[in-house]
Structure formats: structure tokens, C-alpha cells
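The structure under discussion appears below in the form of C-alpha cells.
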Amino acid sequence: MDFIEGTATEAVAQSFAGTADPRLRRVLGSLVEHLHGFVRDVEPTIEEWEAAIGFLTAVGHMSDDQRQEFILLSDVLGVSMLVETIEARKSAAPAHRREWDATPSTVLGPFHVIASPEREHGDQIFPAGGKRPCVVRGRVLGPDGTPVAGAKVDVWQCDENGYYDVQLPEVPNGTGRGLFTADAEGRFWFRSVVPSHYPIPTDGPVGRLLKASGRHPYRPAHIHFILEAPGFVPLTTHLFVADSEYIDSDAVFAVNSSLITEFARVDDPSSAAGVGLPSPYWSAEADFVLRPAPEPA
Ligand code: BEZ
Ligand code: FE
């Protein structure tokens with residue numbers, strides 16, 4: 001059969017019609033339909049098509065077990081957050097079991113590369129002496145508002161200059177990280193510094209893509225969390241610092257208004273002494289609502 005522009009998509013889709021796995025059959029059929037639709041829309045020249053292949057090849061070459069340029073590409077195209085958001089919608093608790101909306105899940109990012117050290121409530125996850133020392137207090141709840149006692153809360157964040165511990169050879173691994181266990185009321189707290197906004201890695205093809213499209217590479221200041229407890233879906237999420245630059249234009253589209261948290265300045269020496277910080281300090285509070293794990297079929 002000749003390859004004819006008008007019937008090519010149907011012919012290629014048909015070539016996959018015998019795929020035994022029904023999910024794979026659906027994925028391949030849709031891939032052909034949308035990819036052909038994209039090519040028909042853009043009508044790339046051979047040269048442009050070669051450039052696209054070159055770009056994807058560079059993304060592959062930039063990726064190894066330390067650096068995942070494909071995930072970064074997915075992040076800046078908004079695909080990672082779209083997948084997260086669809087998954088959350090599909091696994092939402094039924095309305096009759098839900099008084100609180102589950103906390104939105106967000107991208108993991110590339111800096112969860114070492115295990116966080118176990119910490120006690122109130123521990124300082126950065127050495128004292130930051131410009132904006134802070135206290136973060138959290139509560140872990142189920143969808144009916146019941147505290148999730150014993151939930152594991154894994155925290156990681158960058159410093160006041162936008163660097164994670166693993167990016168700075170002179171900084172001990174584990175700085176800016178902590179693994180906490182929620183108390184009987186689902187509460188945990190720690191002392192830290194208010195993190196800075198920072199750029200995602202721009203030294204690869206994704207950086208070139210952002211540059212070519214006039215996009216900035218910055219993420220607004222945030223703290224990462226993974227919360228886990230038996231009977232609940234593990235939650236990967238962030239808290240975003242409300243007064244951060246780029247809060248309205250996260251390079252990876254992870255901001256959700258319910259995750260924006262005020263780090264309030266507290267100018268009260270006795271309250272500062274009570275939490276063991278200099279005055280002024282900054283204070284943030286957040287609730288994290290987990291989704292129940294699906295019931296076994
Ligand atoms: C991060 O916040 O650690 C991050 C997330 C996605 C891409 C790059 C960095
Ligand atoms: Fe981050």
C-alpha cells in the first residue's frame with residue numbers, strides 16, 4: 001500500500017490494532033493520532049524534524065542516575081503536573097468520606113536524592129544564624145479531619161541562597177532535610193530558614209528551550225514534603241512562601257493557591273526565646289490532608 005498523506009494516520013493506527021494488552025493498544029493508538037495531528041499542524045521541514053530529534057537526543061545524553069533531563073522536560077512542559085493532577089482527581093475520596101479536600105500533590109523534583117536524617121520535633125534543620133530564621137508547624141489529617149498520628153513527614157528545602165545541601169560540597173549532607181514522626185495529634189514542627197527562590201538546572205537542552213522561548217527558569221521559594229502513613233496514599237507536595245518572587249510563574253507549574261503559606265514575621269523577643277530563635281523570626285503553619293488508600297479490589 002502506498003503511504004498517502006490523507007490515510008497515513010489510520011494506516012499506522014491500524015498497524016498497532018493487534019496489540020494484545022488493551023491499555024498499550026489504547027496508548028499507542030492515541031499516540032499515533034496525536035503525534036500525526038501535531039505533525040500535520042506544524043508541517044515541519046526535514047531540517048526541523050532533524051533538529052527535534054537532535055534535541056531529544058541531547059535530553060537523553062544529559063540524563064543519568066544523577067540528572068534526569070527527561071523529567072525536567074516533562075516538568076517545564078507542564079506534563080508532570082498534569083499527570084499528578086489527573087491521578088489526584090481519579091483517587092479522590094468519595095464525597096461521603098471527605099470533609100477536607102486532600103492537599104494537592106506536586107512534582108518531586110531532582111533534589112530528593114539522599115535520605116533525610118531522622119529528627120525530633122523542634123530540631124533545627126539548618127545551623128543557626130540565618131537572615132530569616134523560621135518555625136514551621138504542620139498537622140497531618142485524614143479527609144474527615146482526624147489527625148494521622150505517627151505519619152512520617154520527610155522534609156527537604158534549599159538554603160537562603162537557593163542551594164540544596166547536595167549542590168554545595170562544603171555543606172554536610174542532610175542539612176535542610178529531616179524525617180519527622182507526627183505526634184498523637186498529627187502535629188510536627190521544626191526550625192529552619194525561609195528558603196529562597198532558585199533556578200532549575202539550565203545547563204542542558206531544557207535550559208536552552210527556556211532561553212529560546214524567553215521563559216525564566218525560576219521556582220518560587222518552597223519547602224518539599226513527602227507524607228506517608230498506613231492506610232493513606234503517600235503525598236508528595238510543597239509549601240510555597242507567600243511573599244516569594246515568581247509565585248505566579250513557577251517554571252514547573254507546581255503552585256496551587258492552597259499550598260501558598262504565609263511566613264509571618266514575629267517581632268516578639270519572648271515568643272522567639274520560647275522557640276529558641278533570635279527575634280524577629282518567621283512563622284508558618286500548614287495542614288496536610290491525606291487521601292485514603294484505595295480499598296483492595
Ligand atoms: C525542585 O523543586 O526541587 C525542582 C522541581 C522540578 C524541577 C526542578 C527542581
Ligand atoms: Fe525544590
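The first residue of the sequence shown is numbered 1, and numbering continues consecutively from there. Read the numbers this way: they start at 1 and go in the same order the structure lists the ligands and their atoms. For clarity, every value in this text was computed on a predicted model and none was experimentally measured.
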Determine the interplanar angle of the Y198 and Y164 rings, folded into 0 to 90°, and report it as parallel if under 30°, tilted if 30 to 60°, perpendicular if over 60°.
perpendicular

With only distance considered, is D75 within less than 3.5 Å of ligand 1 through an N or O on each side?
no

Validation row, ring centre H224 to ring centre H222 under 6.0 Å:
yes

Is the H121 to W189 ring centre distance short of 6.0 Å?
no

Report the nearest protein non-hydrogen atom to [atom]: residue, atom name, distance rounded to 0.1 Å.
| atom | answer |
| --- | --- |
| atom 9 (C) of ligand 1 | P110 CD, 3.1 Å |
| atom 1 (C) of ligand 1 | Y198 OH, 2.7 Å |
| atom 5 (C) of ligand 1 | G109 CA, 3.3 Å |

Just to be sure I read this right, does ligand 1 sit under 4.0 Å from the backbone of L72, its side chain, both, or neither, counting only heavy atoms?
side chain

Give a yes/no answer: is there an N/O/S atom of C158 under 2.8 Å from the Fe ion (ligand 2)?
no

Do [Y] and [X] meet the salt-bridge criterion of a basic N to acidic O distance under 4.0 Å?
| X | Y | answer |
| --- | --- | --- |
| D165 | R177 | yes |
| E87 | R89 | no |
| R119 | D154 | no |

Is the shortest distance from a heavy atom of H222 to ligand 1 less than 4.0 Å?
yes

Polar side chain donor-acceptor pair, S74 to S80, under 3.5 angstrom
yes

Give the atoms of ligand 1, by number and element, whose distance to some non-hydrogen atom of Y164 is under 4.0 Å.
3 (O)

Quick note on ligand 1: atoms under 4.0 Å from a heavy atom of H224 include exactly 1 (C), 2 (O), 3 (O)

Quick check for you: with the Fe ion (ligand 2) as the vertex, what angle do OH of Y164 and OH of Y198 span, to 10°?
100°

Can you name the N, O or S atom of H222 that is closest to the Fe ion (ligand 2)?
NE2

Nearest to the Fe ion (ligand 2), which N, O or S atom of H224 do we find?
NE2

Carefully, step by step, assess D268 and S270 under the rule side chain to side chain donor-acceptor pair (under 3.5 Å).
CA-CA 6 Å; D268 174 358; S270 72; 3.2 Å; yes

